[in-house]
Amino acid sequence: AVSTWLNGGLFGAAAIEATGGTVTDYTEDGVKYRSHKYTSTSTFVVTAAGGGLVDVLLVAGGGSGGRNSFGNGGGGAGGCRELEDQSIAAATYTITVGAGASDPGSGYQGADGGNSSAALVSTVSSTGGGGGGDQYTSSPGRPGGSGGGSKVATSAGNAGGYSPVEGYGGQSGASAGAIWDYNFIFGGGGGGWAGLGTTGTASNTGGTGGTGGNSATNTYFDGTADQYGAGGGGGGGANPWGSAWCYGGPGGAGGGGAGGGRYGVSGAFTIGSAGADEQGGGGGAGQPANGAAYDGGDGGVVIRYPYEW
């Protein structure tokens, strides 16, 4: 974390003075902090740089789930990065918040979430989550900050190549059936900040889509362990020879959207959900053969520094 000594917390030295976003003052481990939280693109205006160092949390927008097919995958979570001791000077800086991906309206893949960034003295960024895919090799889950899931293949996370990683990959799915291998078809979960999505389960009597990768926690906003970056759950479906419940998988803990499912090929649906806004959650996979998938959640940016109030 930023040094209290450098940023004016001791002996009356000059402190950082800044405006922008939602401002919150709190105490963590005996240190007083001020944070600026951004949920849409805006500016961070520094009028006095103090010791010139801030901590930054970047959460990109989540990808939307796979759509309009069987074995739809969950959307990947937006990439998340926790960065200490980033340099500032007295200036106005652009803060960009990545939007969660909306359903693209056509095709089988979900869309990718938007990148988030803080254009400080050195610009820092995180990568939007990858859109989910489906059962076809031509439309796998997309890579991203965390990758999207699908039936057919894994996808890569950490698209920015960062260390520590900004997220993990999406997972392939599962299938089973007595007539064809894919009587019952399940998409894998999208990746999350803390881990891979899962494959899900399949049997001759149905099953469940993959679970989205889990989130991780960060305290920069208000001193509490808030969750960010959970992947979306995979979907479940059946071809015309399958008659059983094919449930969608749950989203990753901490904001991932649930995948949709269905009984057989033309029965009742189980409804999924979108990824959580301000947490970069991956969107859940769409119900099989039913058009739209679920949107990814918007990202966010938090800047904090020690501050005596």
Side-chain angles (χ1 to χ4, degrees), residues 1-2 35-38 41 44 53-63 74-88 93-101 111-132 141-149 154-171 189-197 212-221 225-232 252 254-256 275-276 278-282 296-305:
V2 168
S35 72
H36 300 252
K37 180 178 181 179
Y38 295 84
T41 297
F44 179 56
L53 296 173
V54 296
D55 296 333
V56 182
L57 171 69
L58 299 164
V59 180
C80 301
R81 300 183 68 201
E82 182 181 283
L83 302 166
E84 298 181 348
D85 294 348
Q86 300 301 298
S87 295
I88 59 167
Y93 300 105
T94 299
I95 308 301
T96 302
V97 174
D112 300 340
N115 298 344
S116 289
S117 64
L120 305 178
V121 171
S122 296
T123 298
V124 290
S125 303
S126 64
T127 313
R142 296 175 58 83
S146 291
T154 59
S155 67
N158 195 33
Y162 302 116
S163 180
V165 300
E166 60 178 330
Y168 287 83
Q171 192 58 269
W193 189 11
L196 299 165
N214 284 337
S215 64
T217 60
N218 175 275
T219 62
Y220 287 0
F221 170 48
D226 300 313
Q227 293 179 300
Y228 302 95
E278 303 179 22
Q279 296 173 266
D298 294 341
V301 176
V302 180
I303 299 172
R304 77 161 187 183
Y305 46 86

> What closest approach, in Å, do Gly192 and Ala77 show between heavy atoms, and which atom pair accounts for it?
Replying inline: CA-CB, 4.1 Å
> Got a second to check how far Asp226's CG is from Gln279's CD, nearest 0.5 Å?
Replying inline: 8.0 Å
> If you round to the nearest 0.5 Å, how far is CZ of Arg81 from CG of Leu58?
Replying inline: 6.5 Å
>> Closer than 3.5 angstrom, by distance alone: can the side chain of Ser146 be matched with the main-chain N or O of Gly76 as a donor-acceptor pair?
In response: no
> salt bridge (Lys or Arg N to Asp or Glu O under 4.0 Å): which pairs involve residues 112-124, sequence neighbours left out?
Replying inline: Asp112-Arg142
>> On a heavy-atom basis, which atom in Gly252 and which in Ala230 lie closest, and how many Å separate them?
In response: O-CB, 3.3 Å
> Residues in side-chain contact (heavy atoms from CB on, under 4.5 Å) with Tyr38, at least two apart?
Replying inline: His36, Ser42, Phe44, Ile95, Val97, Val301, Ile303
> Shortest non-hydrogen contact from Ser155 to Gly141?
Replying inline: CB-O, 3.5 Å
> Atom CD in Gln227, atom CD in Glu278: separation rounded to 0.5 Å?
Replying inline: 14.0 Å
Residues 212-219, side-chain donor-acceptor partners within the protein, below 3.5 Å, at least two apart:
from, atom 1, to, atom 2, distance (Å)
Asn214, OD1, Ala253, N, 3.1
Ser215, OG, Ala253, O, 2.8
Asn218, OD1, Tyr220, N, 2.7
Asn218, ND2, Glu82, OE1, 2.6
Thr219, OG1, Glu28, OE1, 3.2
Thr219, OG1, Glu28, OE2, 3.0

Using atom types as modelled, flag every donor-acceptor pair under 3.5 Å from a side chain in residues 120-127 to any protein atom, sequence neighbours excluded.
from, atom 1, to, atom 2, distance (Å)
Ser126, OG, Ala60, N, 3.4
Ser126, OG, Gly79, O, 3.1
Thr127, OG1, Glu166, OE1, 3.4
Thr127, OG1, Glu166, OE2, 2.9

>> Given 3.5 Å as the limit, does a donor-acceptor pair link the side chain of Asp85 with the main chain of Val54, or not?
In response: no
> Nearest heavy-atom pair of Cys80 and Gly229: which atoms, and what distance?
Replying inline: SG-CA, 3.8 Å
